[in-house]
Amino acid sequence: TIPAVNQLDKESIARYSRQLILPEIGIRGQLLLRKTSVLIVGCGGLGCPAALYLTAAGIGQLGLIDHDEVEISNLHRQILHTEARINVQKSTSAAYACKQYDIVLDATDNVATRYLLNDGCVLAGKPLVSGSALRFEGQLTIYNYKGGPCYRCLFPKPPPPETVTNCSDGGVLGVVPGIIGCLQALEVIKIAAKIGRPCTQRLLLFDALDGSFKAIKLRQKKDNCEVCGSSPSITELIDYEQFCGTRATDKDKVLTIL
Amino acid sequence: TIPAVNQLDKESIARYSRQLILPEIGIRGQLLLRKTSVLIVGCGGLGCPAALYLTAAGIGQLGLIDHDEVEISNLHRQILHTEARINVQKSTSAAYACKQYDIVLDATDNVATRYLLNDGCVLAGKPLVSGSALRFEGQLTIYNYKGGPCYRCLFPKPPPPETVTNCSDGGVLGVVPGIIGCLQALEVIKIAAKIGRPCTQRLLLFDALDGSFKAIKLRQKKDNCEVCGSSPSITELIDYEQFCGTRATDKDKVLTIL
Amino acid sequence: MTLPVKLEFSGGAELLVNKVRSHQINLPNNDSKWTLRSLLIWIRDNLLQERPELFLQGETVRPGILVLVNDTDWELLGELDYVIQENDNILFISTLHGG
Amino acid sequence: MTLPVKLEFSGGAELLVNKVRSHQINLPNNDSKWTLRSLLIWIRDNLLQERPELFLQGETVRPGILVLVNDTDWELLGELDYVIQENDNILFISTLHGG
Ligand SMILES: [Zn+2]
Ligand SMILES: [Zn+2]
């Protein structure tokens with residue numbers, strides 16, 4: 001846990017000066033950021049920029065999980081600010097880690113893990129800031145927050161395996177997850193500092209070739225949802241690879257860490 | 001100049017694999033990126049992410065200019081890919097550098113330099129990918145490209161000095177220029193690889209608190225524009241600080257380099 | 001009177017309709033009103049190039065596809081029972097998983 | 001009949017109108033039509049909290065402010081001569097310079 005100190009030291013004031021002077025943030029907001037812990041699941045195209053900007057904003061504690069330990073060591077940790085406590089989770093049990101953090105950021109690259117994180121967050125009562133990208137498109141929303149839907153409310157059943165394309169198969173333009181990862185960091189900041197209008201019950205669609213964004217109005221939480229509804233049938237984690245019929249990985253991915 | 005070689009070496013194919021498999025890019029697009037040179041003016045909140053993602057995308061040559069030499073040395077150059085030739089310009093004569101690059105990216109933080117870059121690009125015949133951010137807002141457009149307006153077509157006169165707010169005075173949430181800088185890199189990639197719909201004659205407005213984007217339809221190039229019109233009165237660079245009544249700097253800025 | 005509507009496909013769903021993302025169509029005159037239910041049948045018979053099960057499952061869309069009408073989740077509009085209006089913009093988007 | 005319009009201010013321009021970004025207003029009945037020219041006078045007299053020269057210069061907006069009607073540059077619509085329609089969305093945005 002992070003010690004609750006109701007003031008900022010001089011160094012922090014200097015470091016965060018440009019956001020401290022924003023009336024919406026100020027000392028109040030900066031202290032909220034500092035006492036918030038965020039779990040980033042996935043250290044690839046989405047997770048890296050998200051981690052960078054959350055560190056820069058002064059989030060107090062960041063947990064990072066990736067299924068590939070080698071990639072974690074490639075993470076340019078030296079550019080992450082040393083004041084933030086960075087915990088690198090060796091365990092792939094991301095869903096158990098959900099309980100230990102205030103907000104979870106889904107920066108993963110496969111269906112099974114997305115369902116796992118969703119259920120983990122619903123069971124642990126945490127908001128899930130979910131981003132995804134493929135080819136020239138990106139998507140972003142917050143699940144399980146303020147009466148909004150969870151992933152299963154939208155997609156109770158996983159897609160047929162033959163319809164699933166990952167970034168190794170379909171390709172992706174690197175800056176697209178860069179943009180979505182930054183937008184995910186922004187949503188985390190808004191939840192943590194309690195400012196603005198978080199992207200809940202809204203789906204942001206990004207079309208990079210067209211250079212356009214669209215905001216979709218989404219359904220509310222569904223009363224009959226199997227995990228977040230009023231009589232949930234899912235009360236503990238299941239076997240997600242079996243559920244989806246696909247491996248919890250983006251195999252053969254050439255990961256470019258910035 | 002970059003040698004024109006019509007093939008990619010094995011290492012490049014591995015590095016850029018995920019964008020090479022995008023039909024819109026392929027070898028054709030990757031070779032175009034490699035033979036494109038981009039000048040990034042400003043190495044702060046906008047310029048750093050732009051430089052990162054342009055390097056990651058395989059832009060052949062990047063020039064970086066910042067008015068503060070100390071900040072350039074803080075730039076985490078080690079995370080930039082060594083194959084891209086990074087030229088750090090000591091000269092503050094950004095406008096002259098415009099002639100030496102194919103595309104210019106305005107990541108500066110003051111009015112005077114923005115007019116300077118605009119005129120430099122019009123006089124040199126180069127597209128100017130312009131981004132800006134303040135508080136929780138961002139703006140993005142491409143000037144001087146395919147019949148679109150230049151900065152002076154929109155704003156023939158600079159704003160009264162007392163109405164100008166910079167990031168030191170007004171503050172800025174770091175992830176906002178992060179998002180705009182990434183979007184600038186994307187527009188550069190689209191121009192260089194000749195794909196998609198570049199953001200010309202369109203102004204993208206970003207409201208981070210609201211989490212929304214808006215695309216504004218802009219005027220075309222103005223026939224009576226003083227620098228890009230049919231009878232330009234500006235045919236060489238002027239004194240921009242005098243023109244704007246403000247210094248070409250964002251004084252007292254605490255620059256956080258990611 | 002035919003019913004003009006704009007159909008859009010993205011997130012990969014466009015691959016099932018010849019990679020064409022935007023289709024301006026005129027639905028033929030019908031005795032009964034056009035609903036999303038009847039539209040899906042029309043799409044299966046007139047637009048789908050690939051195996052229909054990559055887009056449809058029974059009378060609805062296959063899991064993983066979200067249907068939006070004028071930037072609104074069809075769940076808020078009655079799903080398959082929604083009655084299509086003139087110049088509606090109907091988007092079929094596949095949820096992305098990549099990162 | 002009053003003329004309902006939505007006025008928005010951003011990019012810092014909102015500071016001149018008490019930091020309120022969005023104003024739903026009803027322009028009073030007028031003998032002649034409401035144009036952007038007459039709207040600016042109305043804004044000066046009814047909304048501006050700060051020194052008017054921070055928003056206006058002569059009969060138009062001061063340099064650095066862009067006027068948009070329904071997400072379109074006013075230059076494409078006749079600038080000050082544009083005749084305001086019911087429920088138009090008029091945005092006054094200050095160009096940003098920061099980075
Ligand atoms: Zn649910
Ligand atoms: Zn011009």
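By convention in this document, chain letters (A, B, ...) are assigned in the order of the sequence lines, proteins followed by strands, and residues within each chain are numbered from 1.
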Do you know which of B/A208, B/S212, B/C199, B/A185 has the most heavy-atom pairs under 4.5 Å to chain A?
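Ranked by heavy-atom pairs under 4.5 Å with chain A, first place is B/A208.
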Most chain B-contacting option - heavy-atom pairs closer than 4.5 Å, from [options]:
options: A/V176, A/I25, A/I195, A/L183; answer: A/L183
options: A/I189, A/V172, A/L20; answer: A/V172
options: A/P198, A/A57, A/P23, A/G170; answer: A/G170

Sub-4.5 Å heavy-atom contacts with chain B: which residues of residues 131-149 of chain A show up?
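Residues in range: A/R135, A/F136.
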Give a yes or no on this: more than 12 heavy atoms of other residues, nucleotides or ligands lie within 6.0 Å of atom CD of A/E162.
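Check passes, neighbour count above 12.
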Distance in Å, [X] [atom1] paired with [Y] [atom2], rounded so as to fall on 0.5 Å steps:
X: B/L209; Y: A/E24; atom1: CG; atom2: CD; result: 5.5 Å
X: B/S168; Y: A/I21; atom1: OG; atom2: CD1; result: 7.0 Å
X: B/D210; Y: A/R202; atom1: CG; atom2: CZ; result: 5.5 Å

Chain A contact via B/A215 - which portion, at a heavy-atom distance below 4.5 Å:
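It is neither, since no heavy atom gets under 4.5 Å.
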Need one label for B/L186: side chain, backbone, both or neither, based on atoms under 4.5 Å from any heavy atom in chain A.
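For B/L186, heavy atoms of backbone and side chain both lie under 4.5 Å from chain A.
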Specify the closest pair of heavy atoms between [X] and [Y], including all atoms of both residues, with the distance to one decimal.
X: A/C167; Y: B/R18; value: CB-NH1, 3.4 Å
X: B/P49; Y: A/Y53; value: CG-OH, 3.4 Å
X: B/V175; Y: A/C182; value: CG2-O, 3.3 Å

